[in-house]
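Here's the structure we're looking at; comments come further down.
Sequence lines set the chain letters: A, B, ... in the order given, protein chains first and strands last, and positions in each chain run from 1. The shown structure was predicted, so the numbers you read here are calculated from the model rather than taken from an experiment. Side chains are part of it too, since the values below use all heavy atoms of this structure and drop only hydrogens, waters and symmetry mates.
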Amino acid sequence: MDTQYKPHEIEEKWQRFWDENKSFAVSEDPEKEKYYLLEMFPYPSGRIHMGHVRNYTIGDVVARYKTMKGLNVLHPMGWDAFGMPAENAAIQSKSHPAKWTYSNIDMMREQLKRIGFSYDWDRELATCDLIYYKWEQLLFLKMYERGLAYRKKSFVNWCDKCQTVLANEQVENGCCWRCKDEVQLKELNQWFFRITEYADELLESLDSLSGWPERVVTMQRNWIGKSYGTEIEFGIENSDDAITVFTTRPDTLYGATFMSLAPENPLALSLSKDTDQEAAVQAFVERVLKQDKTVRSSEDLEKEGVFTGAYCINPVTGFRMPIYVANFVLMEYGTGAVMAVPAHDQRDYEFAQKYTLDVKVVIQPEGEELDAAAMTAAYVDDGVLVNSDQFTGRNNREAMKAITEYLAGEGKGRQAINFRLKDWGISRQRYWGNPIPMIHCDACGIVPVPESDLPVVLPEDVSLEVVGKSPLAECDSFMQTTCPTCGKPARRETDTMDTFVESSWYFARYACPEFDQGPLDVDRVKYWMPVDQYIGGIEHAVLHLLYARFFTKVLRDLGLVAVDEPFANLLTQGMVCMETYQCDKCGWLYPEEVQDGKCSTCSGPARIGRTEKMSKSTRNVVDPESLIERYGADTARLFCLFAAPPERDLEWSDKGVEGSYRFLLRVWRLVAEHSEKLCASGQVAFQDDLAGDIKDLRRKTHQTIQKVSDDIDTRFHFNTAISAVMELVNQLYQYDVAKDDNPMRVAAFKEALEMAVLLLSPMVPHICEELWQMMGRDGCVAVASWPSFDPEIAKADEVEIVIQVNGKLRGKILTAADAPEDEVKEKALACEQVKPWLEGKDIKKVISVPGKLVSIVVK
RNA sequence: GCGAGAGUGGCGGAAUGGCAGACGCACUGGACUUAGGAUCCAGCGGGCAACCGUGGGGGUUCGAGUCCCCCCUCUCGCACCA
């Protein structure tokens, strides 16, 4: 034996082989069943991290498995390439976002190739490629045509110092992440996608997503947040106008004693105009709008408000309700105005206490009488209506419907549905994104860029360091254009699109990444869509997956795709975690900075902290690069698969990695030590009457094929698939083939080993290719057929039957697998170990589970 | 508060309602060795034992880690939603 396992050599060799042979390139083949496997594409941040390795390894196993099963597998990879980090990096390194992004892509592509993923690299795309964002602009125009893209004023996070809009994620403790200046809400004109148009469908078709994890479906359902209620009009005193509220509690209408408006509600300022309260309202609104959203929406924030000076009239009681502006009312929910029922809503109660407003009880709990003056908290449960005219005495649940119907009859209200889901604001005042293809003309207003003028190209010569404006707004050559309608000078829209737009349709574009006649080549997309299996992190459970679903429905309505839903099956993999270490003096420590529980810098005690997601800030990261350098890609892949099932968090363990490496060595040695013998052994027809360990080994071999196929196919439980192969390998180590020249034994050994290699190949492809070759087999494992098992061989001919007496294990017997039930029962009752437990007892019942156990009930 | 998921040896994790702890890690002992941090072999939940053991308490069942009810803890999502 002179052949050593040299992972890097063989990995390079086979990666080159797959590359040169285009082993994973696919094309549309109507004769073959298609399978589209997709992992969420990465942001090209610079380097691959362990989360990527895990995600893409899981996907790769399934892709390779499906390929071996004979399916036509599409398994593409690309780059979610627009976004802010590129701009920041460019500013820092005084280079260009495009340069930074593309060089990261080059680096990361090489890293992915070194892990041996089976991508069809011919289909690679980057969302910042002109051909990609050009067709996205067309999609925008189509959506604009249909009223699905529109512009409106809305409140955004605004940093006055930087003069820019910030995404929610860019607001840290109420301050701008860059300049640390206070962030406030500001009303700006922004572009939106009318996702609410599809709210009902997005909600309803969740039911068809049986291949999605329940919790993701639930999260989306909550996010869309459909609630049924009533819209009620409250006439404003001395005015023809009315305030409309949305309530899920119309039953409490008779108890509404005042009105609360959101500070963002334009009525707040307009109602108080020219009253004594004008200054107070203005000051209050300004103050609240300046507050950080997270502070403002925390539940323990003190309820505060200010009277507007105006009143409205309760439509059923005629009660003169003072109108307040209140800090806890949200503009985003309902109509931004709430009818306040202090007796039956805790917030309204607290507010009424503070400002001594009327409390009127309209619901009594069964057998109890509430007194408004004696209450210390709102009564929010069900009960019987009181003080409610003709509805008095009715159960409040029934009254909801009755009161709504009454209001509808009077023209003062109606049944209504409210969604939590809001239209998707896609405007970003950034450079490195897809320019929104619109033009502002003083004469014609907002005009779309004609399709024939697409793409609106991102200019290269921009200064990213401009403070005070979006970089595009500073770039005259970009800004200045002519109006396509009237031909006069006009300005381009300088907002770019949210990067979530690019990731909302990339999965369809993989079907035709080079297509230049439109966004999608309908026939090819029809062949590949939907994605049969989508794999990615749970962190995208709402936003990305919801936007992608929305886009798919829009694309369907544009006639570009033929499916209602983009992802038939979804697997959300867990995070990669690791223990953290902390020293009181030095803070977070890398594991190598800890020696015998002490910090190697200051010798102070190093505490083992919680197990947390790998992150640079807690310094508990492992760079896949160093892992691969040390053990090779196959070991990295094996560890990711073996340490935990995919949907769970994976806890990093150096020892576990070594264990994975050792297993590969074990397999390697089995082949290397016997390669001559294995190569010499040709195809052997096994006799029917095999016995002893030859038969045992063949049985184990075929059982393993069955188990591994099942684990990969139906459950994605790669950890148990691997352990099954480990068992087979352990058995092979018991099987001393070196001293044996019985051709039947050698053949059984060879069969087992070949199967082990085939079964492992989707998981650790490089070593398997090499071993396959070493065993004298031609061709490449990646395109070999997945083995099938023979149930006859897999079947045990003798089984152990467990005997229970009153549910407790009392004995075991061996019987033929096909022994008749009566015979097994008889044998069980006669079993020596069991007899003492039956003595002097009445046997009430004997239950037999064929092949498993006999359960005896005695008294 | 609402919703979802989870809780099993020293650790990661296995178990269509049917022998709890597969497989791996760690550990212990042995073999081979100049050496062993390589490799191979064996052992490995607790208890001397009867037995006891899957977060706690009930229940269904011949039989419960698994199903049902209550409770505790943790993780995630949403949350002043009117």
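In this structure, N719(A) does not reach the G12(B) phosphate: none of its side-chain N or O atoms is under 4.0 Å from OP1 or OP2. Contact check, T248(A) against A82(B): a side-chain N or O comes under 4.0 Å of OP1 or OP2. OP1 and OP2 of C81(B) both lie 4.0 Å or more from every side-chain N or O belonging to R249(A).
Two residues are said to be in side-chain contact when any heavy atoms from C-beta on lie closer than 4.5 Å; L385(A) and I403(A) meet this criterion.
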Restricting both atoms to N or O, compile the protein contacts to nucleotides 43-48 of chain B shorter than 3.5 Å, with distance only.
none

Applying side chain to side chain contact (heavy atoms under 4.5 Å, CB included), run through I195(A) and L421(A) and close with a yes or a no.
-> CA-CA 8 Å; I195(A) 189 171; L421(A) 180 71; 4.2 Å; yes
Verdict with supporting geometry, T580(A) and N620(A), side-chain hydrogen bond (donor to acceptor under 3.5 Å, both in side chains) = CA-CA 6 Å; T580(A) 55; N620(A) 60 340; 5.7 Å; no
Quick one, give me the B/S/- string for nucleotides 35-42 of chain B, reading 5' to 3', where B means a protein heavy atom under 4.0 Å from the base and S means that only happens at the primed atoms, P, OP1 or OP2.
-> ----SSS-
Could you encode protein contacts along nucleotides 60-70 of chain B as a string, one character per nucleotide from 5' to 3', using B for base contact, S for sugar-phosphate-only contact and - for no contact, with a heavy-atom cut-off of under 4.0 Å?
-> --BS-------
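Using a 4.0 Å heavy-atom distance criterion, V216(A) is classed as making no nucleic acid contact. Nucleic acid contact class of E800(A) (heavy atoms, under 4.0 Å, all strands): base. Contacts of P213(A) with the nucleic acid, taken as non-hydrogen atoms under 4.0 Å apart, are absent.
Taking N396(A) as the reference, D251(A), D382(A) meet the side-chain hydrogen bond (donor to acceptor under 3.5 Å, both in side chains) condition, with sequence neighbours excluded. Applying the side-chain hydrogen bond (donor to acceptor under 3.5 Å, both in side chains) criterion to T248(A), with sequence neighbours excluded, gives no partner residue. Partners of S709(A) by side-chain hydrogen bond (donor to acceptor under 3.5 Å, both in side chains), not counting sequence neighbours, listed by chain and number: W786(A). By the side-chain contact (heavy atoms from CB on, under 4.5 Å) test, V729(A) is found to be paired with F663(A), R666(A), V667(A), L670(A), V725(A), Y733(A), residues two or more places apart in sequence or in another chain being considered. In this structure W837(A) satisfies the side-chain hydrogen bond (donor to acceptor under 3.5 Å, both in side chains) test with no other residue, sequence neighbours excluded.
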Under 3.5 Å, side-chain donor or acceptor atoms of residues 799-812 of chain A against the rest of the protein: list the pairs with distances, not counting sequence neighbours.
{"residue": "N806(A)", "atom": "OD1", "partner": "V858(A)", "partner atom": "N", "Å": "2.9"}
{"residue": "N806(A)", "atom": "ND2", "partner": "V858(A)", "partner atom": "O", "Å": "3.4"}

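With F258(A) as the fixed residue, the ring-ring contact (aromatic ring centres under 6.0 Å, His included) test singles out one of F234(A), F351(A), Y349(A): F351(A).
Applying the side chain to side chain donor-acceptor pair (under 3.5 Å) test to every pair with at least one member in residues 850-859 of chain A, sequence neighbours left out, gives no pairs at all.
Defined by atom type and a distance below 3.5 Å, a donor-acceptor pair is missing between the side-chain atoms of E727(A) and Q731(A).
Checked against G18(B), C81(B), C19(B), the side chain of Y333(A) finds its nearest nucleotide in C81(B).
Atom NE2 of H540(A) is separated from atom P of G77(B) by 13 Å (rounded to the nearest Å).
Residue-to-nucleotide contacts include no donor-acceptor pair under 3.5 Å from the side chain of E332(A) to the base of C81(B).
Of the residues in residues 646-655 of chain A, R648(A), D649(A), E651(A), K655(A) come within less than 4.0 Å of RNA chain B through at least one heavy atom, sorted by number.
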Base-pairing string, 5' to 3', of RNA chain B - Watson-Crick or wobble, under 3.5 Å, | interstrand | (((((((..(((.....[....))).(((((.......))))).((....))..(((((..]....))))))))))))....
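Under 4.0 Å is where a charged nitrogen must lie from a carboxylate oxygen, and between D200(A) and K226(A) at least one such pair does.
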